[in-house]
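In what follows, every heavy atom counts, from backbone to side chain, and hydrogens, waters and symmetry copies are set aside.
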Amino acid sequence: MAAMHPRTIVHIDLDCFYAQVEMVADPKLKDKPLGIQQKNIIVTCNYPARARGVHKLMYINKVPKVCPDLIIRDGSNLKRYREASEKILDHLRGWTPEVERLGMDEFFLDVTHMVADEQEKMEKKLDFVGHVYRGETLTLIETQTRNESHVPSCTAKVHHCRCGCYQRLMTGSHIAQRIRTSLYQTLGYTASAGISVGKMIAKLSGELKKPNQQTTMLPAYIDGFLAPLRVRKIPGCGYSTSKKLASLGIETVTQLRNLSKQKLIKAVGAQIGGRLHDLAFGLDTSHVVATVREKQMSEEDSFKSCTAIDDVALRILSILRPLLERVRMRFQKHGDLPSTLRLTIRDRLSHQKTEQSKINTSGGAYFTTRTSRQTTIPLGFFHPENKKQEGYCVDHLMKLFFKMIPRKNQRFHLTLINVAVARFQAFGGAGKLGKQHGIDSFFIQSPTKTAPSSEDNIPTTRMAHLEHVKHTTDATRISQTARKRKFKTPPSFFRPRPPVQCTSGERAPQPERRQPAEQPVEPEPVTAEEIDALYITAARVTP
DNA sequence: CTGGGGTCCT
DNA sequence: AGGACCC
């Protein structure tokens, strides 16, 4: 008979990740209260700081009261955190290829095979290592069983699962311990872990004892553990879903269990409803999906106010540069390039009206909603040898911006700008080939365009102008100088060779998804008239 | 007066 | 393109 709980899943959660990265880099910080700041917020902090009352997502102005000597590090540049996360991911993959990353600091490992291997080769473990949920009960039962004395029937029932999961989880707890130890010894990071028979329950188990500890959850205790939890604790049941459930009078898992699947699905949709119903009973068959590369890359910046076009362009530029750098690094490593470029904004003015309706319908705090526009771009566009990509990108992004803020006179009040690239595809086989064959061989002139003129330098010129704008505030004067400038033919764009072959062999076959208009349409850079209009608008909008 | 990322579903 | 979720 097939085992009822065949898998062993380990969830690894790095302790206060950003803070730990800083502490590993600078051990002096280790025992002092440390907070990581982004904008006006302490996004995370180490445990000494937590002992003083600092917590995640705490406003910076609250800090002096609770912890005046908090050491603060700036966390707005995520580079080192990304790198640390990659190292950790690689390290974990050394133990098993079945590693799924969630965010930067959480990892699911399916260690079923490791457990099986170990059980074949070695003596079976006789004890758990680390915490076991309700382990006292367990010890009591074992002692009593050994002594053949009376075992209360209800308790005995509880830990009795004959499918073999008890032994597997015992082995799993040792594997988790070894992984955590090696993580600490090789990279210096501590983590908490949860060990159980499914992803959700492993994740929830790991939260029971932190930091730098681990907890195993035996199937017999799952139902009892889940019963009193708020539904909001269930991964996948977020703010919105839990509000919907609350409106039905459902706040705990027990209440959720008493709602029919039909009603649940009606309330929150088939996907989430179905999942949630199962999860309420601890039933979780979702697989650990090995993490491959990111499917999109983005950079964003938030701020109090951005109301002028020039400001938009400059902010876009400053976001764009590190993003392009990341695209280059990825291309060097994996030989793929993105073919989608997206601009996202948060505009106070344009969604002010919806704010009211949002409050009315959802009855809660409004979330400033984001608006985005995206465009397809020829694959070769992002090739490192395309020296003008920075300027071209600003062109595209400004066009996308004007799709969202269309009217010349329309005022706007941005509080966030995000630039993203997506739809990565293999380009030219590999990053290095470019040099061997001469980079020109990777580009073909777009057939929709006439040959590039020698004055194909508009973006560069305009970029220089943008840099100039940075040091001046007289928008009117800018608009006049801009108008005098003669803009010529739009720049040419590149197309890659006929596709070489996607390297995504490792991915499971996907349901056939139609690519939107694969022909890389001419991206249409901003025209001279539009640029003029842009500056005129800037002049009007600027106070 | 919630950061700066990401994923998948509708 | 937006919504909801995760960290």
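If you check the side chains of A:Gln177 and A:Thr181, you find a donor sitting under 3.5 Å from an acceptor.
With sequence neighbours left out, the ring pair (Phe, Tyr, Trp, His ring centres under 6.0 Å) criterion links A:Phe225 to A:Tyr133. Here A:Phe281 pairs with A:His277 under the ring pair (Phe, Tyr, Trp, His ring centres under 6.0 Å) rule; sequence neighbours left out. Scanning for ring pair (Phe, Tyr, Trp, His ring centres under 6.0 Å) contacts around A:Phe401 gives A:Phe412, with sequence neighbours left out. Applying the ring pair (Phe, Tyr, Trp, His ring centres under 6.0 Å) test to A:His131 and every residue at least two apart in sequence or in another chain returns nothing.
Heavy atoms of A:Lys203 sit under 4.0 angstrom from primed sugar atoms or phosphate atoms, though from no base atom. Residue A:Arg232 is classed as a sugar-phosphate contact, given heavy-atom separations below 4.0 Å to backbone atoms only. Nucleic acid contact class of A:Arg342 (heavy atoms, under 4.0 Å, all strands): none.
In this structure, A:Arg328 is not positioned above the aromatic face of A:Phe331 in the sense of NZ or CZ being under 6.0 Å from the six-membered ring centre and within 45° of the axis.
Dashed line: the shortest gap from a side-chain N or O of A:Ser240 to OP1 or OP2 of C:dG3 is not under 4.0 Å. Side-chain N/O atoms of A:Arg346 include none lying less than 4.0 angstrom from OP1 or OP2 on C:dG2.
A:Ile265 places its CD1 atom 15 Å from the P atom of B:dC9, with the value rounded to the nearest Å. Atom-to-atom, CE of A:Met297 to P of B:dG6 comes out at 7 Å; the value is rounded to the nearest Å. Rounded to an integer number of Å, the gap from CG of A:Asp301 to P of B:dG4 is 6 Å. The distance between atom CG of A:Leu323 and atom C1' of B:dG5, rounded to the nearest whole Å, is 12 Å. Taking atom CG of residue A:Leu416 and atom P of nucleotide B:dG4, one finds them 8 Å apart after rounding to whole Å. Summarising the geometry, the separation between OH on A:Tyr239 and P on B:dT2 is reported as 13 Å, rounded to the nearest angstrom. If you measure from atom CZ of A:Phe303 to atom C1' of B:dC1, you get 16 Å, rounded to the nearest angstrom. The NZ atom of A:Lys199 sits 12 Å away from the P atom of C:dC7 (whole-angstrom rounding).
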Donor-acceptor pairs are to be reported for all side-chain atoms of residues 261-269 of chain A against protein atoms at under 3.5 Å, with residues two or more places apart or in another chain.
| residue | atom | partner | partner atom | Å |
| --- | --- | --- | --- | --- |
| A:Lys261 | NZ | A:Asp278 | OD1 | 3.4 |

Donor-acceptor contacts, no H, no angles, side chain residues 54-65 of chain A, under 3.5 Å, sequence neighbours left out:
none

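The stretch residues 35-65 of chain A does not touch DNA chain C, since none of its heavy atoms comes less than 4.0 Å from the strand. For DNA chain C, the neighbouring residues in residues 73-106 of chain A, judged by any heavy atom under 4.0 Å, are A:Asp105, A:Glu106.
B:dC1 sits 26 Å from C:dC7 when the P atoms are compared, rounded to a whole Å.
Listed by first and then second residue, the salt bridge (Lys or Arg N to Asp or Glu O under 4.0 Å) pairs involving residues 181-194 of chain A amount to none (not counting sequence neighbours).
Of the listed nucleotides (B:dG5, C:dA1, B:dC1), C:dA1 has the atom at the smallest distance from the side chain of A:Arg373. The side chain of A:Arg326 lies closest to B:dG5 when the candidates are B:dT7, B:dG5, C:dA4. Nearest to the side-chain atoms of A:Ser372 among the listed nucleotides B:dC8, C:dA4, C:dG2 stands C:dG2.
The salt bridge (Lys or Arg N to Asp or Glu O under 4.0 Å) test with A:Glu300 singles out one residue from A:Lys39, A:Arg342, A:Arg346, A:Arg370, and that residue is A:Arg370.
Where A:Gly269 and A:Glu299 each meet DNA chain B at their nearest nucleotide, the meeting point lying more 5' is that of A:Glu299.
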